[in-house]
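What you are looking at is a predicted structure, and each value in this text was computed from that prediction instead of being measured.
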Amino acid sequence: MPFRPRLPLPLLLLLPHLRRRRSSPRPPVPAWRPLSYYPSAAAAAAEVTESEEDAAVVGRDTRATPSIGGVARGAPRVGCNGGAAAEDEEVERKARAVARIELCHELLRERRWRAMRAALAQLVTEQGSGSAAALCDILWNRFRVCDSNGCVWDALANSYARAQMVHDALYVLSKMSSLNMQISVFTYDSLLHGLRMTDVALELFEEMESCGVSPSEYSHSIIINGLCKQDKVGEALSFLQEARKEGKFKPLGMTFNILMSALCNWGFVQSAKSFLCLMLKYGLVPDRYTFSTLIHGLCKVGSMEEALDLFERVTKEGMELEIVTYNSLINGYRLLGLTREIPKIIQMMRGQGVEPDLVTYTILIAGHCESGDVEEGMKVRKDVLDQGLQLNIVTYSVLLNALFKKGMFCEIDNLLGEIYNIGLDMDVIAYSILIHGYCKLGEIEKALQVCNAMCSSQRVMPTSLNHLSILLGLCKKGLLVEARWYLENVARKYQPTDVVFYNVIIDSYAKLGDIVNAVRLYDQITVAGMHPTIVTCNSLLYGYCKIGDLQLAESYFRAIQLSGLLPTAVTYTTLMDALSEAGEVNTMLSLFDEMVAKRIKANAVTYSVVVKGLCKQLRFDEAINVLKDMDSKGINADPITYNTLIQGFCESENVQMAFHIHDIMLSRGLVPTPVTYNFLINVLCLKGKVIQAEILLESLRENGIKLRKFAYTTLIKAQCAKGMPINAVLLVGKLLDAGFEASIEDFSAAINRLCKRQFAKEAFMFVPIMLSVGIYPDTQIYCVLGRALQKNSELVYLPILNALAVKTGI
């Protein structure tokens, strides 16, 4: 076989003892069905008869499953009453082992194979891990003349393997190999099962073949199962192909089921389907697990029509599928966001006599929550509780996560009370949802209370992500002193601390321009023996740029390069943006060229910075070329990049080019942002094209495009400045209808512009609008309006204005 994996050292030292010259032909081993390690083989194991078992030289107890975990119980203890007591205990242990082995030989002579294996299993448990050398000495020194001794040796290795004492099993096998004893395939299979999650399994399989032991029908399945569980599906397929090529492969349905399951989990459903044909070629009949696996895989990749078609064909042929298959279909619809289809599957289940279980309802609740309909999810929860079912912490976690996203504090508290009342234990995921949710909503104190409760439970401990959520929450609220205290507390309790924690606070200091504290915390990282990352350095670089010290920023940038850390696109973009803001556009372009030369891939933000710098110097042709360069390199420009270019043309009052870039945005499938239209409406107003601005704004409103208040107020000011008071009054009404709040400054700006252009009566029309939204004119507005009304001889409005001034206390 072409596999030669690197082995862990302890096992590597034992395996060479198994290598030896091929011995003389061995007596044939009676046919035997070994222990089933998988559910799919349960039926095969049940067919093993007592007569077949008695015919085996060394067999397996088909009802006993290898234990999981590798630590044996009953390991010997060193006595505490001196050397004599320890010696007496050792002698007693050895005597018990001798008696037990003698019993095993007696049971073998009576052909009581199962009882012999049970006695050896008890012996191995009593002696514990590391006892193989002592038991091998007893077998060799006291029982080597017994005819059945080889069988006991083999059964001992098997017992160690099934007890997950792998090193002991390998030791017994190495001794047997050196003594030229026969090792049965069943013992190899037991050891292969124990080692299946390690590279040693393949090495042991090769040793088995080199010793002339033919693999059993389960041997290949064990290896393939181990490789698949290690996510080494490619190696599993190669192993199968090699075994088939050599003609040694003994097909079993569960072997194909294992491979199909692994392929489906990776999304390779078509490859999994090809194994269905291979099964039929070998004369194997696909079982319900086979079809359930394929249906699960199809649902996972979104092929719901094909999954339903396969489901209907299988059920029409009379095969009864389990609830797991129905849940796969339901989950497939959830993944596609088609929650409305789930009740149909539930109805189909009930029609087949299959009742939904807690998993079914959890998937349904998750579907509603993911689609944003948490209220419907809570309704399903109530229906489940009314049926007398009890939800588990997984279901509650799904609901809590959705409630946090909606900010529904009252429902969160009620749900937590429900969890407490029914006595459910919170797991690490549930605690994490609470901590993250509270931090995101700014409830840091509650997050800290949850963290303390988590520690007090003594069942689960806060994870790094939990601490990170709290630090991010504290920094987001500007509580850097508290964040620093929390970091030091975590560092004291959970050494070593992840450098990511420090990065969060350093970045917050840098964004505030507090470079002194940022550098102090950086120094703490190095003193603590941790290594700053490029993220750490990017934050410090941003801090230097924030305070405007470009000379120090450039020096630090070069220091990063000398330190051995590889600068990223963020590193270059941070410094380039600072240079662009300072007007050092040529230096910025040189840095961009250096970035390209070093094959550091620029992102959309980097190009936006370059475009902004060029536009500031009115180098529009170069800016457009940069946009074309992005397109040629397959980098999709985002709205920010286009907005930067539109802003540049608007500031230079080039209306035609600004709208041309807008049209390019639309042709590329990008949706202009409200900022885009702010620029366009503003430039139209600046150029005096108020009517065009009105048409643009009205068309945007009709198409349901959300605008910002700036677009309305800009146009209102322009209308007032152009002497279009009626249009301005109407647009104020539209502004209020859109849900925006007009401030006294907005009304003051409009009134001042109208009064300057002798529209005093029209300006007075804004007063009742102000009062209708609860805003009273201030002294400045009264003065401006009073003077304008007197100047235009609109004296009829003066008493109303004076009365209003008296009423408001002015």
Side-chain angles (χ1 to χ4, degrees), residues 573 576-577 580-581 583 585 588-589 592 602-633 635-722 724 727-728 731 734-735 738 740 749 753:
T573 304
M576 287 165 61
D577 187 49
S580 173
E581 290 294 329
V585 176
M588 176 200 72
L589 292 173
F592 181 71
N603 54 33
V605 179
T606 312
Y607 281 102
S608 295
V609 168
V610 174
V611 168
K612 180 176 70 174
L614 292 169
C615 288
K616 278 188 173 183
Q617 293 196 346
L618 306 181
R619 296 159 68 173
F620 295 114
D621 290 340
E622 292 178 65
I624 291 174
N625 288 335
V626 170
L627 202 62
K628 292 177 180 177
D629 184 48
M630 289 180 70
D631 189 51
S632 66
K633 291 180 179 178
I635 300 173
N636 295 322
D638 58 13
I640 295 175
T641 308
Y642 285 99
N643 285 348
T644 303
L645 198 51
I646 289 172
Q647 182 183 11
F649 284 118
C650 287
E651 288 175 354
S652 64
E653 299 187 9
N654 190 336
V655 179
Q656 184 178 355
M657 282 303 299
F659 275 89
H660 176 65
I661 300 299
H662 168 262
D663 294 339
I664 293 176
M665 281 184 75
L666 295 175
S667 67
R668 298 281 171 84
L670 290 172
V671 179
T673 66
V675 174
T676 313
Y677 293 113
N678 286 349
F679 290 141
L680 293 175
I681 290 172
N682 187 53
V683 73
L684 286 171
C685 293
L686 286 173
K687 296 293 287 184
K689 299 181 178 182
V690 181
I691 301 297
Q692 287 179 252
E694 288 178 344
I695 294 171
L696 174 61
L697 187 141
E698 195 57 37
S699 67
L700 295 173
R701 280 171 50 84
E702 289 176 359
N703 291 322
I705 296 173
K706 291 184 178 181
L707 298 170
R708 290 185 179 175
K709 180 183 173 183
F710 177 85
Y712 288 92
T713 55
T714 299
L715 184 52
I716 290 169
K717 292 173 186 176
Q719 289 168 333
C720 293
K722 280 290 185 178
M724 303 165 67
N727 297 41
L731 192 56
K734 292 176 181 179
L735 180 146
F740 295 108
R753 283 171 171 78

Inset, instruction - Any pair with a residue in residues 671-696 that passes ring-ring contact (aromatic ring centres under 6.0 Å, His included), sequence neighbours left out, goes on the list, sorted by first then second residue, please. - result: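 As it turns out, the ring-ring contact (aromatic ring centres under 6.0 Å, His included) pairs with a partner in residues 671-696, which skip direct neighbours, are His662-Tyr677.
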So which heavy atom on [X] is nearest to which on [Y], and how close?
X      : Y      : value
Cys650 : Leu680 : SG-N, 4.4 Å
Phe740 : Leu707 : CZ-O, 3.1 Å
Ala604 : Met630 : CA-CE, 4.1 Å
Val585 : Gly613 : CG2-O, 3.5 Å
Pro639 : Leu670 : CD-CD2, 4.3 Å
Ser608 : Asp638 : OG-OD1, 4.1 Å

Inset, instruction - Determine the interplanar angle of the Phe620 and Phe649 rings, folded into 0 to 90°, and report it as parallel if under 30°, tilted if 30 to 60°, perpendicular if over 60°. - result: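 Geometry flag for Phe649 against Phe620: parallel rings.
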Once rounded to the nearest 0.5 Å, what's the spacing between atom [atom1] of [X] and atom [atom2] of [Y]?
X      : Y      : atom1 : atom2 : answer
Met724 : Ile716 : CE    : CD1   : 12.0 Å
Phe710 : Asn682 : CZ    : CG    : 4.5 Å
Ile691 : Gln719 : CD1   : CD    : 8.0 Å
Met657 : Leu645 : CE    : CG    : 7.0 Å
Ile624 : Ile664 : CD1   : CD1   : 7.0 Å
Thr641 : Ile661 : OG1   : CD1   : 11.5 Å

Using side-chain heavy atoms (C-beta onward) and a distance below 4.5 Å, is [X] in contact with [Y]?
X      : Y      : answer
Leu614 : Leu589 : yes
Val675 : Arg708 : yes
Phe659 : Leu684 : yes
Val690 : Asn727 : no
Glu694 : Leu697 : no
Leu696 : Gln692 : no
Tyr642 : Leu627 : yes

Legend entry - Thr676-Thr673 side chain donor-acceptor pair, cut-off 3.5 Å: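 There is such a pair between these side chains.
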Greater than 12 external heavy atoms within 6.0 Å of [X]'s [atom1]:
X      : atom1 : result
Lys734 : NZ    : yes
Asp621 : CG    : no
Asp629 : CG    : yes
Gln656 : CD    : no

Legend entry - salt bridge (charged side-chain N to carboxylate O under 4.0 Å, His left out): pairs with one or both residues in residues 602-618, sequence neighbours excluded: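 Salt bridge (charged side-chain N to carboxylate O under 4.0 Å, His left out) check on residues 602-618 returns Asp577-Lys612, Glu581-Lys612, Glu581-Lys616.
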